[in-house]
Student: 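The structure that follows is given in the form of structure tokens.
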Amino acid sequence: MNKRIVFIGAGRLASSLAPALKESGNDIIQVFSRSQESASILAARLNCSFTCSLTSIDPAADLYIFTVPDHALDTLPENCGLSGKCLVHTSGSRTSSVFSGITEDYGVFYPLQTFTYGRNISFANLPVFIQGSNPSIQKMLSDLAGQISSKVQVITDEQRMLLHLAAVFANNFSNHMYAIAMDLLSSSGLDFENLRPLILETAGKAGYFPAQMQTGPAIRNETGIIQKHIEMLNDKPEYQKIYRFVTDSIRKLNVK
């Protein structure tokens, strides 16, 4: 059964998730954000109303999805005047019980993906992890997630937090490595585009057995090359520190 939904938050996740839920037949009736610009832009895409006032959030929705930064979940829910409503958040690192003092009907709707403005994300094969405070809410969220994704799974708070931790390593940390690589190349007038084929091939292989796919001087114990690389980073001590630490970590992880 399709739902009448209000989005609390109009950032990158909401900008992908709200259109996906609308396209699957749900009615997004309102968007709330403290930023009038972001709220109005998303509301225009969804052909719905928007508000920047907590007291003007539509009380007639079946479901309120909080797509806000984690710290906002400390105070925002209790100030929205939504006591007794069905409330869910999309955080990977906050417990499902942040709404427990406000309503008995709450849960988590966690799509495991990175979202960027202007980049269309397909939810079809995207893992969506859900939790519900009771069997009825859990089924409702499972059905809702199933409208947009073929990979829906019920998990615990502890499992979701571990997934979030792993995602920080897989996404945030690896992306930072790309940023370092770009900085190193640009300082010598080289184009980061040269690394694109390597990055795509590495990502393709890493989706299966990353430890077994490891290559490079660290796993081959090429001490001469490693020392040369460290010397090349003499003017970038922070990068040197990262290089040494990651090299040591690769060696330890791959000790047989």
Side-chain angles (χ1 to χ4, degrees), residues 2-22 26-117 128-142 144-145 155-158 160-161 163-164 167-168:
N2 294 328
K3 301 298 180 183
R4 289 166 52 83
I5 302 172
V6 168
F7 268 80
I8 312 294
R12 289 175 293 181
L13 173 53
S15 295
S16 291
L17 179 57
L21 289 174
K22 180 179 175 65
N26 296 283
D27 186 9
I28 314 300
I29 63 174
Q30 189 184 54
V31 172
F32 163 86
S33 175
R34 296 190 186 279
S35 165
Q36 181 170 334
E37 180 180 10
S38 60
S40 61
I41 290 174
L42 181 55
R45 287 181 60 194
L46 300 168
N47 192 29
C48 71
S49 68
F50 72 89
T51 182
C52 299
S53 170
L54 291 174
T55 59
S56 298
I57 294 177
D58 194 321
D62 302 309
L63 176 65
Y64 296 81
I65 300 179
F66 285 73
T67 55
V68 296
D70 286 359
H71 65 83
L73 292 172
D74 292 329
T75 57
L76 184 60
E78 64 188 29
N79 294 323
C80 288
L82 298 174
S83 176
K85 303 295 184 179
C86 184
L87 313 179
V88 303
H89 69 66
T90 55
S91 169
S93 59
R94 297 302 300 271
T95 67
S96 56
S97 61
V98 296
F99 302 119
S100 60
I102 303 168
T103 181
E104 295 182 355
D105 296 334
Y106 58 85
V108 178
F109 192 102
Y110 176 53
L112 184 54
Q113 182 57 285
T114 178
F115 296 91
T116 304
Y117 289 118
V128 179
F129 300 96
I130 64 103
Q131 287 169 270
S133 59
N134 57 61
S136 176
I137 298 302
Q138 188 162 287
K139 184 180 186 309
M140 182 270 287
L141 292 177
S142 292
L144 185 68
I155 60 173
T156 66
D157 280 330
E158 291 74 18
R160 178 167 42 84
M161 290 177 185
L163 275 168
H164 188 256
V168 167

Student: Does Arg160 use its side chain to pair, donor to acceptor, with the backbone of Ser91 at less than 3.5 Å?
Tutor: yes
Student: Applying side chain to side chain contact (heavy atoms under 4.5 Å, CB included), run through Asn2 and Lys22 and close with a yes or a no.
Tutor: CA-CA 9 Å; Asn2 294 328; Lys22 180 179 175 65; over 6 Å; no
Student: Tell me every residue that passes ring pair (Phe, Tyr, Trp, His ring centres under 6.0 Å) with Tyr106, counting only those two or more places apart in sequence or in another chain.
Tutor: none
Student: Shortest non-hydrogen contact from Ser133 to Asp105?
Tutor: OG-CA, 3.6 Å
Student: Of all the heavy-atom pairs spanning Phe109 and Pro111, show the shortest one and how long it is.
Tutor: O-CD, 3.3 Å
Student: Hey, mind stepping through Leu63 and Leu144 against side chain to side chain contact (heavy atoms under 4.5 Å, CB included) and telling me if it holds?
Tutor: CA-CA 11 Å; Leu63 176 65; Leu144 185 68; 3.5 Å; yes
Student: Identify, with sequence neighbours excluded, every residue that meets side chain to side chain donor-acceptor pair (under 3.5 Å) alongside Ser49.
Tutor: none
Student: Name the one of Leu42, Val31, Ile29 that satisfies side-chain contact (heavy atoms from CB on, under 4.5 Å) with Cys48?
Tutor: Val31
Student: In chain order, what residues pass the side chain to side chain donor-acceptor pair (under 3.5 Å) check against Asp58, with sequence neighbours excluded?
Tutor: none
Student: Kindly indicate, with the supporting measurements, whether the criterion side chain to side chain contact (heavy atoms under 4.5 Å, CB included) is fulfilled by Leu46 and Phe7.
Tutor: CA-CA 11 Å; Leu46 300 168; Phe7 268 80; 5.6 Å; no
Student: For Arg4, what residues pass the salt bridge (Lys or Arg N to Asp or Glu O under 4.0 Å) criterion, not counting sequence neighbours?
Tutor: Asp27
Student: Going by atom types only, do Ser100 and Ser97 share a side-chain donor-acceptor pair under 3.5 Å?
Tutor: no
Student: Please name all residues satisfying side chain to side chain donor-acceptor pair (under 3.5 Å) with Thr55, sequence neighbours left out, ordered by chain then number.
Tutor: Ser53
Student: May I ask you to decide if Pro59's main-chain N or O and Tyr64's side chain share a donor-acceptor pair within less than 3.5 Å?
Tutor: yes
Student: Is there side-chain contact between Lys3 and Ile65, with at least one heavy-atom pair below 4.5 Å?
Tutor: no
Student: If we ignore hydrogens and angles and just use 3.5 Å, is the side chain of Asp157 paired with the main-chain N or O of Thr95 as donor and acceptor?
Tutor: no
Student: Is Ser40 reaching over with its side chain to a backbone N or O of Glu37, donor-acceptor style, under 3.5 angstrom?
Tutor: yes
Student: Donor-acceptor check, side chain of Ser38 to backbone of Gly11, threshold 3.5 angstrom: yes or no?
Tutor: no
Student: So, Glu104 versus Asn134: side-chain donor-acceptor pair below 3.5 Å or not?
Tutor: no
Student: Please give me the minimum heavy-atom distance between Gln138 and Ile130, naming the atom from each residue.
Tutor: O-CD1, 3.6 Å
Student: Using every non-hydrogen atom in the two residues, find where Ser33 and Ala39 come nearest and quote the distance to one decimal.
Tutor: CB-CB, 3.7 Å
Student: Search all heavy atoms of Ser15 against all heavy atoms of Ala10 and return the closest pair with its distance.
Tutor: OG-O, 3.8 Å
Student: Apply the test side chain to side chain contact (heavy atoms under 4.5 Å, CB included) to residues Leu82 and Phe99: give CA-CA distance (whole Å), side-chain angles for both, the deciding distance (0.1 Å), then the verdict.
Tutor: CA-CA 10 Å; Leu82 298 174; Phe99 302 119; over 6 Å; no
Student: Within a strict 4.5 Å, meaning less than it, do heavy atoms of the Gln36 and Phe50 side chains meet?
Tutor: yes
Student: Do Cys86 and Met140 have side chains that approach each other closer than 4.5 Å (heavy atoms only, starting at C-beta)?
Tutor: yes
Student: Sorted by first residue and then second, give each salt bridge (Lys or Arg N to Asp or Glu O under 4.0 Å) pair with at least one member in residues 69-86; sequence neighbours left out.
Tutor: Asp74-Arg94
Student: Which heavy atom in Ala61 sits nearest to a heavy atom in Val6, and how many Å separate them?
Tutor: CB-CG2, 3.7 Å
